[in-house]
Structure formats: structure tokens, C-alpha cells
Amino acid sequence: MGKTTAILLLSALLLSACSNGGSSGNTAAEATVQPAASAAQAAPEPSAQAAASPEASSAPEAEPSAAPAAAGAAGAASSSAPQPAGDNSAVSGEQPVGGTPAAEVPLLYHMNKNYDIVPNAEGTNKKVVLLTFDDGPKEADMINSLIDTLDKHHAKAIFFVNGYRVKEHPELLKLIKDRGGIIGNHSWDHIVLKDKPYAEVKKQIEDVQKIVKEVTGEAPHFFRPPHGAGGDVGKKIAAENGLLYMTWSVGSLDWEMKEKDTNKTAKLITNVTDQLHSGSNILMHELPWTVEALDTLLTTLEGKGYSFADPRSIELKMR
């Protein structure tokens with residue numbers, strides 16, 4: 001009995017030892033695995049958050065570079081006139097659709113004592129000519145033909161009109177205005193003014209101002225005395241009415257030509273080119289042969305490197 005009991009007791013002790021060793025082994029394994037499992041569960045949270053809201057992580061890095069750009073845009077906006085949202089005209093400097101009103105044509109030139117057109121500033125094109133036509137308005141066909149040719153060459157001209165002609169045919173004056181011609185004052189009766197008394201010269205000039213404004217809504221800004229002879233009185237009255245007084249510096253001599261003359265176009269062009277210089281103030285008339293010669297004349301001038309001054313770009317004071 002003693003031996004059997006001893007064997008049984010030994011077996012019980014061995015079983016107890018194995019059971020305790022296995023339990024502690026599992027506990028140790030759990031202890032080492034648990035932090036790894038916790039880390040695995042915790043790691044996806046920042047990644048998932050970043051994927052759901054990219055701005056959260058990228059915005060702080062973007063701010064330093066975005067801020068100067070925003071400041072620059074704000075600076076550009078504050079340096080220009082307020083514009084409605086989406087209007088880029090202030091940024092680009094371009095005019096809104098519709099173009100620049102005539103009153104806003106920049107003043108680039110002035111007239112000197114030789115009646116030439118002179119740039120106001122360095123860098124402005126000085127190789128320009130001023131185109132003018134006297135003694136109208138006469139006939140719609142001639143007016144339309146002249147302006148058709150001017151339009152073809154992107155040119156403007158002054159049409160110096162006589163008051164008695166405007167009174168007879170106000171519709172012709174309106175035609176000039178409607179087609180973009182610039183209207184000038186050439187006195188009422190086309191008489192020599194320099195020896196006339198103040199009151200008579202005043203009436204000759206101011207009656208034209210009045211009738212032109214009645215017909216077109218705007219009084220002339222330029223005055224040319226008939227025969228280039230206005231005298232001191234003519235200059236004084238022109239100034240009193242805000243008119244730029246001028247004669248011319250290049251004569252086409254078209255007024256000396258006759259219907260029966262030959263080669264009138266060639267003669268007119270030669271007359272102009274022989275006197276041509278920068279700023280030339282070219283005198284022509286509303287005459288059939290001038291109408292015929294104009295396209296060739298303007299083409300010739302362009303070929304020599306000249307362009308055409310817009311009369312509205314000329315200051316109304318000689319200097």
C-alpha cells in the first residue's frame with residue numbers, strides 16, 4: 001500500500017506543475033500580443049481622418065504660400081476702381097465692350113505756330129498727318145465717297161463747313177456727323193475776315209457754331225478762316241468760343257484745278273508729297289477730283305510711313 005500511495009502522490013504533483021506552467025505561458029503571450037493589437041487598432045485613426053478631410057492636414061502647409069498670393073490679388077483689386085464680381089476690365093486695363101466714348105480719345109498732340117501736329121510726349125508717333133476738307137457740305141455722294149475711303153484707311157478728318165451751306169442742306173451736315181466725320185467751323189459766308197469789324201467776324205463764326213449745334217447736338221472745336229485770313233480779330237473770337245484756330249501747312253492745290261484738267265490725281269499727290277513732313281496739316285476740298293484721288297493719296301502716304309492723326313487727339317490750344 002505504501003508504495004502505491006507514493007506513486008499516486010508523485011503523479012498528482014507532476015500534473016499540478018504542468019497545469020501551472022501552461023497557464024503562465026498563455027498569460028505571457030497575451031501580455032506581449034495586447035500592446036501590438038492596441039497599436040494596430042489605434043494606427044488607422046489618423047490615416048482614416050486624413051483621408052476623410054484632406055484640408056485638415058494640407059491647409060496648414062498651404063497657408064504660407066497661399067497668403068502672399070491672396071495679398072497680391074487684394075492689392076491689385078484695391079489699386080483699381082471697384083468692379084462688379086467677374087469684371088476683369090480693371091485688371092486687364094481693357095475697356096468694357098462698347099468701346100471708348102469719343103470724348104475719351106487721349107490728347108496725344110498739339111498744334112504749333114506753323115499749324116503742324118506735334119506729339120505731346122516722347123515716344124508718341126510723330127510721323128502723322130492731319131486730313132482736312134473745306135467748303136462743304138456740298139453733295140451726299142462726295143461726302144459718302146470721301147468717308148468710305150477714310151474708313152478704308154482707318155482715318156479721321158475734319159470737314160470745315162460754311163454756315164450758308166449747312167442752312168441749305170442740314171441733312172448733309174448730319175450725314176458727316178453720323179458717319180464719324182469731325183466737323184469744323186469755316187465761317188458763314190466764306191469771306192475774308194481779317195479786315196472786317198469785330199461784330200461782323202463774331203457773327204460769321206458764332207452763327208456757324210449755333211447752327212452746327214442745332215443740327216448735330218455739338219458745336220465745332222476747330223476753326224479755319226476762309227482763304228487762311230482770319231487776322232487777330234478772328235483769332236480772338238475763335239479763342240472766345242473755345243475753338244482751335246488753324247490754317248494749314250501743306251496745300252493740295254486742288255482748288256486751282258479745273259474739270260477739264262488732265263492728270264489731276266497725279267498732280268494732287270505731287271503737290272502734297274513735295275511739301276510733306278511730320279505733322280503736316282493737309283488742306284483739301286470737297287471736290288470731285290479730290291474724291292477720286294483720295295484713296296491713292298492715302299495709300300501713298302502710308303507707303304512713306306505716315307499715319308493719320310485723329311483730330312480728337314489734338315489739344316484745343318496752340319503751343
Participant: Going by an N to O cut-off under 4.0 Å, is there a salt bridge joining E240 and K236?
Facilitator: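 Between K236 and E240 there is a salt bridge, with a charged N closer than 4.0 Å to a carboxylate O.
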Participant: For T300 and T296, indicate whether the former's side chain and the latter's backbone hold a donor-acceptor pair under 3.5 Å.
Facilitator: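 Confirmed, T300 side chain pairs with T296 backbone.
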Participant: At their closest point, which heavy atom of I183 faces which heavy atom of P220, and how far apart are they?
Facilitator: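 Looks like O-CB, 3.5 Å.
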Participant: Which residue, V161, L172, L173, forms the side-chain contact (heavy atoms from CB on, under 4.5 Å) with V215?
Facilitator: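 One option only clears the test, and that one is L173.
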Participant: Anything under 30° is parallel, anything over 60° is perpendicular, the rest tilted; go ahead and classify H153 against F308.
Facilitator: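 Perpendicular, since the angle between the ring planes exceeds 60°.
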Participant: Is it true that, when you exclude K317 itself, more than 12 heavy atoms of the residues, nucleotides or ligands shown sit nearer than 6.0 Å to its NZ?
Facilitator: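 Check fails, neighbour count at 12 or below.
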Participant: Can you tell me if N114 and N112 form a side-chain donor-acceptor pair at under 3.5 Å?
Facilitator: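 Absent: no donor and acceptor within the cut-off.
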Participant: What do you reckon, is NZ of K138 surrounded by more than 12 foreign heavy atoms closer than 6.0 Å?
Facilitator: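 Result for NZ/K138: enclosed.
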Participant: Main chain of F133, side chain of E286: is a donor-acceptor contact present, judged purely on distance under 3.5 Å?
Facilitator: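 Checking the backbone N and O of F133 against the side chain of E286, no donor-acceptor pair under 3.5 Å is found.
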Participant: Show the nearest heavy-atom pair for residues D116 and N281, with the distance to one decimal.
Facilitator: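 Minimum heavy-atom separation between D116 and N281: OD1-N, 4.2 Å.
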Participant: Report the residues that fulfil salt bridge (charged side-chain N to carboxylate O under 4.0 Å, His left out) with E315, sequence neighbours left out, ordered by chain and then residue number.
Facilitator: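 Once residues adjacent in sequence are excluded, the partners of E315 under the salt bridge (charged side-chain N to carboxylate O under 4.0 Å, His left out) criterion are R319.
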Participant: Measure the CD1-CD1 distance between I143 and I176 for me, rounded to the nearest 0.5 Å.
Facilitator: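 Answer rounded to 0.5 Å: 4.0 Å.
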Participant: Atom CD of E139 and atom CG of N144: how far apart are they, to the nearest 0.5 Å?
Facilitator: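 Answer rounded to 0.5 Å: 11.5 Å.
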Participant: If I take atom CG from residue N241 and atom NZ from residue K210, how far apart are they, to the nearest 0.5 angstrom?
Facilitator: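 It is 13.0 Å, given to the nearest 0.5 Å.
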Participant: Taking Q275 for its side chain and G251 for its backbone only, find out whether a donor-acceptor pair lies under 3.5 Å.
Facilitator: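 Indeed, once roles are kept as given, a pair shorter than 3.5 Å links the two residues.
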Participant: Are D148 and R179 within salt-bridge range, i.e. N to O under 4.0 Å?
Facilitator: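 Between R179 and D148 there is a salt bridge, with a charged N closer than 4.0 Å to a carboxylate O.
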Participant: Indicate yes or no: at least one non-hydrogen side-chain atom of L297 is less than 4.5 angstrom from one of L301.
Facilitator: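 Side-chain contact under 4.5 Å: yes.
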Participant: So, taking the atom named CG in L130 and the one named OG in S249, what distance separates them when rounded to the nearest 0.5 Å?
Facilitator: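 Between atom CG of L130 and atom OG of S249 there are 8.5 Å.
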Participant: Might you point out which heavy atoms bring K304 and T273 nearest each other, and give the distance in Å?
Facilitator: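 Minimum heavy-atom separation between K304 and T273: CE-CG2, 3.8 Å.
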Participant: If you look only at distance, which donor and acceptor atoms sit under 3.5 Å apart when one is on a side chain in residues 226-235 and the other is two or more places apart or in another chain?
Facilitator:
none

